[in-house]
Participant: 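For reference, the structure I am asking about is given below.
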Amino acid sequence: MRPTLPGTAASALLLALAACGSSDGGALQQARDSIAATLPEPYFEDLVIESVMVEDGALVQLVRSPGGSAAAMHAHPRFEELRQSEQDALPELCANPAIAPLAATDARLVRRFIDREGDVFFEVEMPARACDEATHE
């Protein structure tokens, strides 16, 4: 027989565990709401930041290429160079005031590049804490 916690102790533990995750979730949701209000937004050339969502502890921006094909891009000899240039540009997200509260959380910042069919070209990611580090350099 498995030992069980008394009802009130179990309830208190569940509330405490829920509270642990809610600060990141609340901050992520606020950032999402703030950024979503400005979308869609041009990103670069024909790319458009189409939407933003909270997904598994991350703030995810969907960047759509209306004319590109993920399959064709994966075969391109400069594919990795493009992905790395987007990884290098990711700290630019830190300039968005909606992102600032996330720097004190375990949240991640993700840009997911998709084609017109929704197939993924690639994703780039960094911890939101890197924004705080970048402002102290």
Participant: Heavy-atom distance under 4.5 Å between the side chains of D115 and F121, does that happen here?
Facilitator: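 Yes - at least one pair of side-chain heavy atoms lies under 4.5 Å apart.
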Participant: Determine the sole option in R108, R32, R112 for which the salt bridge (Lys or Arg N to Asp or Glu O under 4.0 Å) test with E55 is passed.
Facilitator: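 Passing option: R112.
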Participant: Are V63 and I35 connected in a single hydrophobic cluster, I mean Ile/Leu/Val/Met/Phe/Trp/Tyr linked by side-chain heavy atoms less than 4.5 Å apart?
Facilitator: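 The answer is yes; both residues are in one hydrophobic cluster.
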Participant: Inspect the surroundings of CG in D56 and state if more than 12 heavy atoms from other residues, nucleotides or ligands are less than 6.0 Å away.
Facilitator: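 No, because the 6.0 Å sphere around CG of D56 holds 12 heavy atoms or fewer from other groups.
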Participant: With a 4.0 Å cut-off on N to O distance, would you call E80 and R83 a salt bridge?
Facilitator: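 The answer is yes: the pair qualifies as a salt bridge.
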Participant: Please evaluate residues F122 and E86 with respect to the criterion side chain to side chain contact (heavy atoms under 4.5 Å, CB included), reporting the C-alpha separation (whole Å), side-chain torsions for both, the decisive distance (0.1 Å), and the verdict.
Facilitator: CA-CA 10 Å; F122 59 86; E86 289 299 336; 3.8 Å; yes
Participant: Hey, any chance V110 and V120 share a hydrophobic cluster, counting ILVMFWY side chains that come within less than 4.5 Å of each other, even indirectly?
Facilitator: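 Yes; V120 is reachable from V110 via cluster members.
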Participant: I want to check something: taking the side chain as every heavy atom from C-beta on, are D88 and Q84 in contact at a cut-off of under 4.5 Å?
Facilitator: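 Yes, their side chains come closer than 4.5 Å.
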Participant: I want to check something: taking the side chain as every heavy atom from C-beta on, are L93 and C131 in contact at a cut-off of under 4.5 Å?
Facilitator: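 The answer is no, as the side chains (C-beta and beyond) never meet within the 4.5 Å cut-off.
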Participant: Side-chain contact test, heavy atoms from C-beta onward, threshold under 4.5 Å: evaluate it for V52 versus L39 and give yes or no.
Facilitator: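 The answer is yes; the side chains approach within 4.5 Å.
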Participant: Measure the shortest side-chain to side-chain distance between L109 and Q61 over non-hydrogen atoms and say whether it is less than 4.5 angstrom.
Facilitator: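 No, side chains not in contact.
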Participant: Is a salt bridge present between R111 and E92, judged by a nitrogen-to-oxygen distance below 4.0 Å?
Facilitator: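 Here R111 does not pair with E92 in a salt bridge, since their nearest N and O are not under 4.0 Å apart.
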Participant: Could you check whether any side-chain heavy atom of L47 comes within less than 4.5 Å of a side-chain heavy atom of F113, counting everything from C-beta outward?
Facilitator: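 In short, these two side chains touch, coming nearer than 4.5 Å.
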Participant: For residues 65-75, which residue pairs qualify under side-chain hydrogen bond (donor to acceptor under 3.5 Å, both in side chains), counting only residues two or more places apart or in two chains?
Facilitator: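 Matches after skipping sequence neighbours: none remain.
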Participant: Should the heavy atoms of other residues, nucleotides or ligands under 6.0 Å from CZ of F44 be counted, would the total exceed 12?
Facilitator: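 Counting neighbours around CZ of F44, 12 or fewer heavy atoms of other residues, nucleotides or ligands fall under 6.0 Å, so no.
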Participant: Would you check, one step at a time, whether the test side chain to side chain contact (heavy atoms under 4.5 Å, CB included) holds for L62 with M53?
Facilitator: CA-CA 8 Å; L62 285 181; M53 67 189 104; 3.4 Å; yes
Participant: Tell me the closest heavy-atom pair linking A58 and L28, and the distance in Å.
Facilitator: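 That would be C-CD2, 3.9 Å.
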Participant: Side chain of Q87, backbone of E125: donor and acceptor closer than 3.5 Å?
Facilitator: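 Judged by distance alone, yes, a pair lies under 3.5 Å.
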Participant: If we only count heavy atoms from C-beta on, is the D46 to P66 side-chain gap below 4.5 Å?
Facilitator: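 Heavy-atom side-chain distance check passes, below 4.5 Å.
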Participant: If you group Ile, Leu, Val, Met, Phe, Trp and Tyr by side-chain heavy-atom gaps below 4.5 Å, do L90 and L102 land in one group?
Facilitator: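 The answer is yes; both residues are in one hydrophobic cluster.
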Participant: Which residues satisfy the side-chain contact (heavy atoms from CB on, under 4.5 Å) test with R64, sequence neighbours excluded?
Facilitator: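 R64 satisfies side-chain contact (heavy atoms from CB on, under 4.5 Å) with E50, I114 only.
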Participant: Applying the 4.5 Å side-chain criterion to the ILVMFWY set and letting contacts propagate, would V60 and V48 be lumped into a single cluster?
Facilitator: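 No, separate clusters.
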Participant: May I ask you to test the P91-M126 pair for a side-chain heavy-atom distance under 4.5 Å?
Facilitator: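 When only atoms from C-beta onward are counted, M126 and P91 do touch, with a gap below 4.5 Å.
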